[in-house]
K.L.:
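If you scroll down you'll find the structure; I have some questions about it.
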Amino acid sequence: TFRQEYEASFEGRAGRVYYAYDAKRHVDAMIEVDLNLPIAVCCDFNVDPCVWELAQTDGRSVRVFDEIVLRDTNTYEMCKEFLRRYGRHRAGFVVHGDAAGAARSTAGKSDYAIMMEMGFKDQRVKRSNPAVRDRVNAVNSMLRNAREDVRLTHHPRCAQLRKDFEKVEWTSGGVDIEKARPELTHATDALGYFVAAEFSLTTTKRDPAKRFYK
């Protein structure tokens with residue numbers, strides 16, 4: 001109530017999922033692409049909109065420098081748009097995302113198989129998604145931990161990500177993320193898969209030798 005009434009923060013009855021987010025601390029217009037670090041392509045495969053967050057990490061912090069948001073689209077078009085913008089990035093790029101993309105079919109192939117054909121060969125996607133709470137906790141911990149360290153920031157151009165951070169809520173029972181608004185959750189879901197994989201609060205590790213797509 002205090003945040004809503006006195007700090008002009010968006011607060012729902014069920015509570016914000018990303019409570020650690022504060023635009024004053026987490027939006028950084030000075031973020032630039034580091035030519036020496038690979039780009040993490042963080043994927044969610046919703047169709048309308050389809051949202052990919054583009055981030056880099058030095059192993060301690062995460063900087064989200066851009067996002068790709070296309071309406072009524074497909075995996076081919078998202079890949080083409082990324083390659084148009086950053087296809088020549090000298091440190092390359094790696095893919096993180098929704099494990100369900102290994103089973104979905106576009107033109108008879110999974111989303112990750114399509115990405116492989118388009119040149120996205122370094123795919124670091126787990127065989128199953130982390131529990132929602134684990135993913136959310138990992139993101140909130142990067143936004144602000146118990147020591148008040150901020151280790152996740154984003155550029156102002158990442159408008160969809162900011163909107164998610166400020167408006168995504170829990171369901172009334174607090175057991176899952178509210179999905180009633182189709183324009184929300186895709187950006188934070190996409191980024192969350194990456195954060196949960198690289199900065200997990202659990203000890204489970206992926207097996208890079210296993211191929212998971214069809």
Side-chain angles (χ1 to χ4, degrees), residues 18 21 23 25-71 73-101 111-112 114-126 129-130 135-136 138-140 142-143 150-166 168 183-200 206:
Y18 300 100
Y21 180 79
R25 301 184 67 183
H26 295 105
V27 177
D28 182 1
M30 301 300 291
I31 293 175
E32 297 181 350
V33 179
D34 188 330
L35 299 179
N36 298 310
L37 292 175
I39 296 172
V41 185
C42 310
C43 304
D44 180 86
F45 295 105
N46 190 63
V47 173
D48 191 16
C50 189
V51 182
W52 290 3
E53 297 298 324
L54 309 180
Q56 292 183 303
T57 180
D58 57 6
R60 181 185 179 278
S61 62
V62 172
R63 295 174 296 279
V64 189
F65 61 86
D66 202 358
E67 66 182 10
I68 299 174
V69 182
L70 298 181
R71 306 303 300 258
T73 191
N74 56 60
T75 305
Y76 282 116
E77 294 303 319
M78 294 294 287
C79 288
K80 285 169 59 178
E81 180 58 22
F82 172 84
L83 294 172
R84 183 186 70 80
R85 299 187 196 183
Y86 301 106
R88 296 186 178 182
H89 182 66
R90 71 185 186 191
F93 39 89
V94 299
V95 176
H96 291 266
D98 186 357
D111 292 302
Y112 291 117
I114 292 170
M115 294 185 75
M116 180 69 72
E117 291 181 350
M118 297 285 287
F120 296 75
K121 299 185 182 300
D122 192 347
Q123 300 185 3
R124 305 181 185 182
V125 183
K126 294 187 176 183
N129 289 328
R135 171 163 54 85
V136 168
V139 172
N140 276 321
M142 293 297 290
L143 287 169
V150 172
R151 295 184 293 156
L152 194 163
T153 53
H154 71 83
H155 194 277
R157 70 172 64 93
C158 303
Q160 192 64 42
L161 182 62
R162 175 174 177 172
K163 187 175 181 181
D164 270 19
F165 276 143
E166 293 182 332
V168 170
E183 75 278 11
L184 294 179
T185 76
H186 309 298
T188 44
D189 283 355
L191 183 63
Y193 300 128
F194 164 62
V195 171
E198 296 297 314
F199 300 92
S200 175
R206 71 182 182 93

K.L.:
Between C43 and A190, which heavy-atom pair has the shortest distance, and what is it?
P.N.:
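Distance-wise, the nearest heavy atoms are C-CB, 3.7 Å.
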K.L.:
Give the C-alpha distance, both sets of side-chain angles, the deciding distance and a yes or no for side-chain contact (heavy atoms from CB on, under 4.5 Å) between F65 and E32.
P.N.:
CA-CA 6 Å; F65 61 86; E32 297 181 350; over 6 Å; no
K.L.:
Under a 3.5 Å distance rule, please check whether E81 uses its side chain to pair with a backbone N or O of I68 as donor and acceptor.
P.N.:
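Checked: no pair found.
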K.L.:
Let me confirm one number: the CE-NZ distance from M115 to K121, rounded to the nearest 0.5 Å.
P.N.:
12.0 Å
K.L.:
Apply ring pair (Phe, Tyr, Trp, His ring centres under 6.0 Å) to H96 and list each qualifying residue two or more places apart in sequence or on a separate chain.
P.N.:
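With neighbours one apart ignored, the set is F194.
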K.L.:
If you look at every heavy atom in A196 and R135, which pair is closest and at what distance?
P.N.:
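Closest approach of A196 to R135: CB-CA, 4.2 Å.
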K.L.:
Residues in side-chain hydrogen bond (donor to acceptor under 3.5 Å, both in side chains) with D28, at least two apart?
P.N.:
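Counting only residues at least two positions away or on another chain, D28 forms no side-chain hydrogen bond (donor to acceptor under 3.5 Å, both in side chains).
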K.L.:
Sequence neighbours excluded, which residues qualify as side-chain hydrogen bond (donor to acceptor under 3.5 Å, both in side chains) partners of Y21?
P.N.:
H154
K.L.:
By side-chain contact (heavy atoms from CB on, under 4.5 Å), which residues pair with R88, not counting sequence neighbours?
P.N.:
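By the side-chain contact (heavy atoms from CB on, under 4.5 Å) rule, R88 matches no residue at all.
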K.L.:
From the options V64, T153, V27, select the one residue that forms a side-chain contact (heavy atoms from CB on, under 4.5 Å) with C158.
P.N.:
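For C158, the side-chain contact (heavy atoms from CB on, under 4.5 Å) test succeeds with only one of V64, T153, V27, which is V64.
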K.L.:
In Å and rounded to the nearest 0.5 Å, what is the CG to CG distance from N46 to D189?
P.N.:
9.5 Å
K.L.:
Taking only residues two or more places apart in sequence or in another chain, which ones pass side-chain contact (heavy atoms from CB on, under 4.5 Å) with C50?
P.N.:
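In terms of side-chain contact (heavy atoms from CB on, under 4.5 Å), with neighbours along the sequence ignored, C50 is linked to W52, T73, M78.
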K.L.:
My understanding is that only residues two or more places apart in sequence, or in another chain, count here; which of them pass side-chain hydrogen bond (donor to acceptor under 3.5 Å, both in side chains) with D164?
P.N.:
T188
K.L.:
Measuring only between side-chain heavy atoms, which start at C-beta, is E53 closer than 4.5 Å to Y193?
P.N.:
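No, every pair of side-chain atoms sits at 4.5 Å or beyond.
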K.L.:
How many angstroms lie between atom CE of M142 and atom OH of Y18, to the nearest 0.5 angstrom?
P.N.:
13.5 Å
K.L.:
Measure across Y112 and G97 and return the closest heavy-atom pair with its distance rounded to 0.1 Å.
P.N.:
OH-C, 3.1 Å
K.L.:
Just how far is it from atom CG of L35 to atom CZ of R90, taken to the nearest 0.5 Å?
P.N.:
4.5 Å
K.L.:
Return yes if some donor-acceptor pair links the side-chain N/O of N129 with the main-chain N/O of A99 below 3.5 Å, else return no.
P.N.:
yes
K.L.:
Could you state the interatomic distance from NE2 (H186) to CG (D98), rounded to the nearest 0.5 Å?
P.N.:
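CG of D98 is found 11.0 Å from NE2 of H186.
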K.L.:
Please identify each residue that fulfils side-chain contact (heavy atoms from CB on, under 4.5 Å) with D66, with sequence neighbours left out.
P.N.:
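D66 satisfies side-chain contact (heavy atoms from CB on, under 4.5 Å) with L54, R85, Y86, R157 only.
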K.L.:
With heavy-atom distances below 4.5 Å as the criterion, would you say the side chains of V95 and R124 are in contact?
P.N.:
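A side-chain contact is absent here, since even the closest heavy-atom pair is not under 4.5 Å.
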K.L.:
Is a side-chain N or O of H89 found less than 3.5 angstrom from the main chain of L37, in a donor-acceptor match?
P.N.:
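The answer is yes, because a donor-acceptor pair under 3.5 Å joins these two groups.
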K.L.:
I would like to know whether F93 and D122 meet side-chain contact (heavy atoms from CB on, under 4.5 Å); could you show each step before the answer?
P.N.:
CA-CA 7 Å; F93 39 89; D122 192 347; over 6 Å; no
K.L.:
So how far is it from D44 CG to L191 CG, rounded to the nearest 0.5 Å?
P.N.:
11.5 Å
K.L.:
In chain order, what residues pass the salt bridge (charged side-chain N to carboxylate O under 4.0 Å, His left out) check against R71, with sequence neighbours excluded?
P.N.:
D48
K.L.:
State which residues pass side-chain hydrogen bond (donor to acceptor under 3.5 Å, both in side chains) with R25; sequence neighbours excluded, sorted by chain then number.
P.N.:
E148
K.L.:
Does F199 have any ring pair (Phe, Tyr, Trp, His ring centres under 6.0 Å) partners at least two apart in sequence or in another chain, and if so, which?
P.N.:
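Checked F199 against ring pair (Phe, Tyr, Trp, His ring centres under 6.0 Å); zero matches.
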K.L.:
Run the side-chain contact (heavy atoms from CB on, under 4.5 Å) test against K163 and tell me which residues pass, sequence neighbours left out.
P.N.:
Q160, K167, E183, L184
K.L.:
Test M118 against K80 for side-chain contact (heavy atoms from CB on, under 4.5 Å), laying out the working first.
P.N.:
CA-CA 8 Å; M118 297 285 287; K80 285 169 59 178; 3.7 Å; yes
K.L.:
Residues two or more places apart in sequence or in another chain: which of them pass salt bridge (charged side-chain N to carboxylate O under 4.0 Å, His left out) with D34?
P.N.:
none
